[in-house]
Amino acid sequence: MARYELVKRSVALITLTNPPVNALSSAVRHAIAKSMEHALNDPKVKAVVICGENGRFCGGADIREFAGPLRGPPLVPLLDAIEAGEKPVVAAIEGVALGGGFELALVCHYRIVHFKARLGLPEVTLGILPAAGGTQRLPRLIGIPAALELITTGRHISAQEALKLGIVDQVTEQNACELAVEFALRAVAKPLSSRRVSMLTTPCPPDLDALLEAVTMQVKRKARGVMAPLACIQAVRAAATMPYSKGIKRESELMATLFNSGQARALQYCFFAQRTAGKWTLPSGAQWNNSKPREIRSAAIIGLGTMGRGIVVSLARVGISVIAVESEKKLLETGKQMVIGMLERDAKRRGVSASLNLLKFTLSLQDLKDVDLVIEAVFEDMALKKRVFQELSKVCRPATLLCTNTSGLDVDALAGVTDRPHLVVGMHFFSPAHVMKLLEVVCGPRSSSETIATAMSLGKRMGKVSVAVGNCPGFVGNRMLKPYLDQATFLLEEGATPEQIDKALEDFGFAMGVFRMSDLAGLDVGWRVRKESGLIGPDVDPKNPPRRRQGRRYCPIPDMVCEQGRFGQKTGRGWYMYDKPGGTNAKPDPLIQNLLEMYRSRYGIQPRNISDQEIIERCLFALANEGFRILEDGIAARPEDIDVIYLFGYGFPRHGGGPMFYASMVGLERVLERLEHYHQAHPDVPHLEPSPLLKKLVACGSPPVQKWREHIKTMHSHL
Ligand code: T1G
């Protein structure tokens, strides 16, 4: 857990050895305590260097240990003792120094950092705060404003920024450990008192209260209802107003309020869920660690609409050559200019040069003969997509992977028109594709494991969080969206307003309420889908009651909004009104209010007061209920996959953990009881009928999310 060596006859070198990130597990803490004791007591030792094995200093506390009781030496006294020791201790930081790892570095008397290392206190992103003195030492070292910013955001910083801020003593391109040993030898004769950060006086700005107030307002605006950043601010206030001995107690009290909170559990769950999602697995036994992805050097994108452009940028900026294809000269030219502009802005922001030389634009599919992979991103029109895939089959070399960017169409039907169904896979990007982190990799029944592995690995290379899902209408994300949207519009019928529903969802923590999100996405998209699926238009049986379709409740209000040409932000009018087409400042529109009143009186609906609780329950429990069905159907392999999709693709708040984790946190019994209640009140809404898996889990005593898999039959898996 930690290796102890004597080097240069007088330096104790302590190497943390807990792969993969040298987390401070109880065994590691124990080993550090023993090694330090040894070093301080051995007269041969004049100085100490602490480093981490495999080029990684330390990733902080072992998060997996949080669920159990504390074992082994607690971190605070251990770190205090290192700082108080009479021999100089130098931290040799390579790779990462995060959380408790950074706090360990802060108690060392000197810090030498490799130029590629990253440092930070990301505890806030796990719903907690730096609780091993980080909130007390960092402000003393770099001042309140800079410390507040780092602690409340959890941002990682580069070695260069750390040097600028005065956190580290030297940045090196050499082996940090070897340099630290030299450094330690030179430090032997120097006094240590000024190097003990806890003894420093916090440089305090004259307007401390105003500063803390401003940061509090900023944090409240950015992360509504999230507790950890506010606790961080209070801890930093203690560093400014109290001596270290009292401040560290305050830090510990604040940590105690956060540690067992639902938000902390949810955020830590998100950390692991994101990593679980990368470990895809198929019923055939193929999985992430036994399937080799192909190397992708060149790709082609068909269609330079919004999605196509974003995908080109995502590929080019990670060094993949891209051929972009359009059907008409004018579209090609417009797409080209936009892609170039996007890449140039992106490169400027990242301080690198734009990789324009990797791009080629063409009108001819013939140019795609030799590419490794094609991503088709034409309109959501099956007949058109089939034509493109037939054509690609003829043009591309037999080994080229053929991917479709679709938000819900049948990937296997497309595979069926090609000469290589095993090389066909769905890649569902989210708009704007160069910004949004989520990628659903849609596995058709004939997609080979190599094909899936390649799409997953390409997603990762593009910086996406990729989740493997099965092939059904809407896949995971959009399939679940339907009952969620339905509930929102039913609530409108019953008496709510778009702004009331949005506010309830935004107060819950969603980045955007459902109506603001729909206005942003464009209301015409769903309208077209409803027309194509026969829910509106000439195919509707005139004998149908107006608020029923296909034997179930149907809300025609979204269609009425579209009939007025209100397609959302792009037309300046939608569920809200905007200053101008393309405007983003949503204001409630009296015309929508009128429309709702007329609608209700036309159908004799007596509007009622609807509570925020009902809004949240009906929207989110219907969402999770569909998630349970998706698990039953084997469209997602694990609840974590569904949650990651909602966190990264649909703005579900991380401190809620995602729809499935949220359901488990509320309690599956309660979710079941509320769904039964609402289904009884609305028997013509099948989505509210509790799913068999939910019932089964409740009957089995509501196991934690991580154990649901054992109760899911994978016989019908579509993955
Ligand atoms: N504890 C336990 N497991 C961890 C871990 C940690 N701190 N960090 C990573 N892992 C696991 C991870 O689950 C994965 O496992 C494997 O290591 C590789 O991780 C007292 C309260 C360091 C930047 O928040 O940000 O210190 O999936 O895939 O992309 O105040 O891991 O292989 O089974 O992410 O190279 C604060 C969290 C803790 C850092 C490396 N520390 N880690 O990224 O690999 S709280 C953090 C990361 C704390 C103190 C407190 C990243 C990384 P598996 P990976 P990576």
Side-chain angles (χ1 to χ4, degrees), residues 1 16 18-29 32 52-68 70 72-80 82 93-107 116-138 147 150-151 153-158 228 231-232 235-236 248 251-252 254-261 264-265 267-281 287-289 437 456-457 460-461 463-466 638 640 644 654 706:
M1 288 297 142
L16 312 186
N18 184 18
V21 302
N22 298 321
L24 297 166
S25 63
S26 58
V28 172
R29 297 196 304 275
I32 297 175
E53 198 171 52
N54 289 337
R56 276 181 164 172
F57 182 70
C58 175
D62 187 338
I63 308 166
R64 289 185 202 275
E65 286 187 353
F66 289 178
L70 176 73
L75 205 48
V76 171
L78 170 64
L79 298 192
D80 282 351
I82 296 176
I93 301 171
E94 295 194 322
V96 286
L98 297 173
F102 186 32
E103 290 170 304
L104 170 62
L106 285 177
V107 299
K116 284 192 175 159
R118 285 180 298 142
L119 298 86
L121 291 171
E123 286 87 341
V124 71
T125 64
L126 299 170
I128 51 178
L129 51 69
T135 66
Q136 302 308 299
R137 285 195 177 86
L138 194 60
L150 291 186
I151 295 171
T153 62
R155 185 167 71 84
H156 296 187
I157 55 172
S158 65
C232 288
V236 173
I248 194 87
E251 181 187 90
S252 151
L254 288 162
M255 176 66 157
T257 63
L258 297 174
F259 194 70
N260 291 316
S261 67
R265 275 192 291 136
L267 287 160
Q268 287 158 31
Y269 164 82
C270 292
F271 176 83
F272 290 114
Q274 193 176 333
R275 282 150 184 86
T276 303
K279 296 174 181 159
W280 59 274
T281 163
Q287 55 187 41
W288 65 284
N289 54 0
K437 295 274 282 180
M456 290 292 286
S457 126
K460 190 167 179 193
R461 191 166 157 202
K464 307 285 176 208
V465 176
S466 312
R638 297 159 295 212
E640 286 93 335
V644 166
R654 273 180 90 83
Q706 294 81 356

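In each ligand, atom 1 is the first atom listed, and ligand 1 is the first ligand listed.
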**Report entry** Short side-chain to backbone donor-acceptor contact, Arg654 and Leu267, under 3.5 Å
**Finding:** no
Query raised in the report: Which protein non-hydrogen atom lies closest to atom 20 (C) of ligand 1, naming both residue and atom, and how far is it?
Result: Glu103 OE1, 3.6 Å
Query raised in the report: With a cut-off of 4.0 Å, which atoms of ligand 1 are near a heavy atom of Gly60?
Result: 26 (O)
Query raised in the report: Taking N or O atoms only and a 3.5 Å limit, does His156 qualify as a polar contact for ligand 1?
Result: no
**Report entry** Heteroatom proximity flag, Arg64 to ligand 1, N/O under 3.5 Å
**Finding:** yes
Requested in this report: Using a strict cut-off of 4.0 Å, indicate which atoms of ligand 1 neighbour a heavy atom of Pro130.
Outcome: 30 (O)
Query raised in the report: atom 11 (C) of ligand 1: protein heavy atom closer than 4.0 Å?
Result: no
Query raised in the report: Has ligand 1 got any nitrogen or oxygen that is less than 3.5 angstrom from a nitrogen or oxygen of Pro122?
Result: no
Query raised in the report: Would Phe57 and Phe102 satisfy ring-ring contact (aromatic ring centres under 6.0 Å, His included), going step by step from the backbone distance to the final call?
Result: CA-CA 9 Å; Phe57 182 70; Phe102 186 32; 9.6 Å; no
Requested in this report: Using a strict 4.0 Å cut-off to heavy atoms of Ala131, name the atoms of ligand 1 that fall inside it.
Outcome: 30 (O)
Query raised in the report: Given Lys460, Arg275, Gln268, which one has a non-hydrogen atom that is nearest to atom 19 (O) of ligand 1?
Result: Arg275
Report summary line: So the atoms of ligand 1 within less than 4.0 Å of a heavy atom of Gly100 turn out to be 26 (O), 48 (C), 49 (C)
Query - ligand 1 versus Ala61: contacting region, heavy-atom distance under 4.0 Å - result: both
Query raised in the report: Do any nitrogen or oxygen atoms of Gly59 come within less than 3.5 Å of a nitrogen or oxygen of ligand 1?
Result: yes
Query raised in the report: Any protein heavy atom under 4.0 Å from atom 29 (O) of ligand 1?
Result: no
Query raised in the report: Looking at Gly99, which atoms of ligand 1 are within less than 4.0 Å of one of its heavy atoms?
Result: 26 (O), 36 (C)
Report task. May I ask you to check whether Val21 has an N/O atom sitting below 3.5 Å from an N/O atom of ligand 1? Result -> no
Query raised in the report: Closest heavy-atom contact between Leu16 and Asn22?
Result: O-OD1, 3.2 Å
**Report entry** Lys/Arg cation over aromatic Phe271: Arg275, 6.0 Å, 45° cone
**Finding:** yes
Requested in this report: Could you tell me the residue and atom name of the protein heavy atom closest to atom 43 (O) of ligand 1, and the distance to it rounded to 0.1 Å?
Outcome: Arg56 NH2, 4.1 Å
Query raised in the report: Would you say Lys279 touches ligand 1, if touching means a heavy atom closer than 4.0 Å?
Result: yes
Query raised in the report: Judged by atom type as modelled, is there a donor-acceptor pair below 3.5 Å linking the side chain of Lys116 to the main-chain atoms of Glu94?
Result: no
Report summary line: Which of Leu150, Leu138, Thr135 passes side chain to side chain contact (heavy atoms under 4.5 Å, CB included) with Leu121? It is Leu138
Query raised in the report: Which of the atoms in ligand 1, numbered in the order shown and given with their element, are less than 4.0 Å from a heavy-atom of Phe272?
Result: 13 (O)
Requested in this report: Using a 4.0 Å heavy-atom cut-off, say whether Thr276 meets ligand 1 through its side chain, its backbone, both or neither.
Outcome: neither
Query - Numbered atoms of ligand 1 (with element) below 4.0 Å of Pro20, judged on heavy atoms - result: 16 (C), 17 (O), 18 (C)
Requested in this report: Check ligand 1 against Ile128 and write out every atom of the ligand that is under 4.0 Å from a heavy-atom position of the residue.
Outcome: 21 (C)
Query raised in the report: How long is the gap from CZ on Phe259 to CG on Leu129, to the nearest 0.5 Å?
Result: 11.0 Å
Query raised in the report: Gly134: heavy atom below 4.0 Å from ligand 1, yes or no?
Result: no
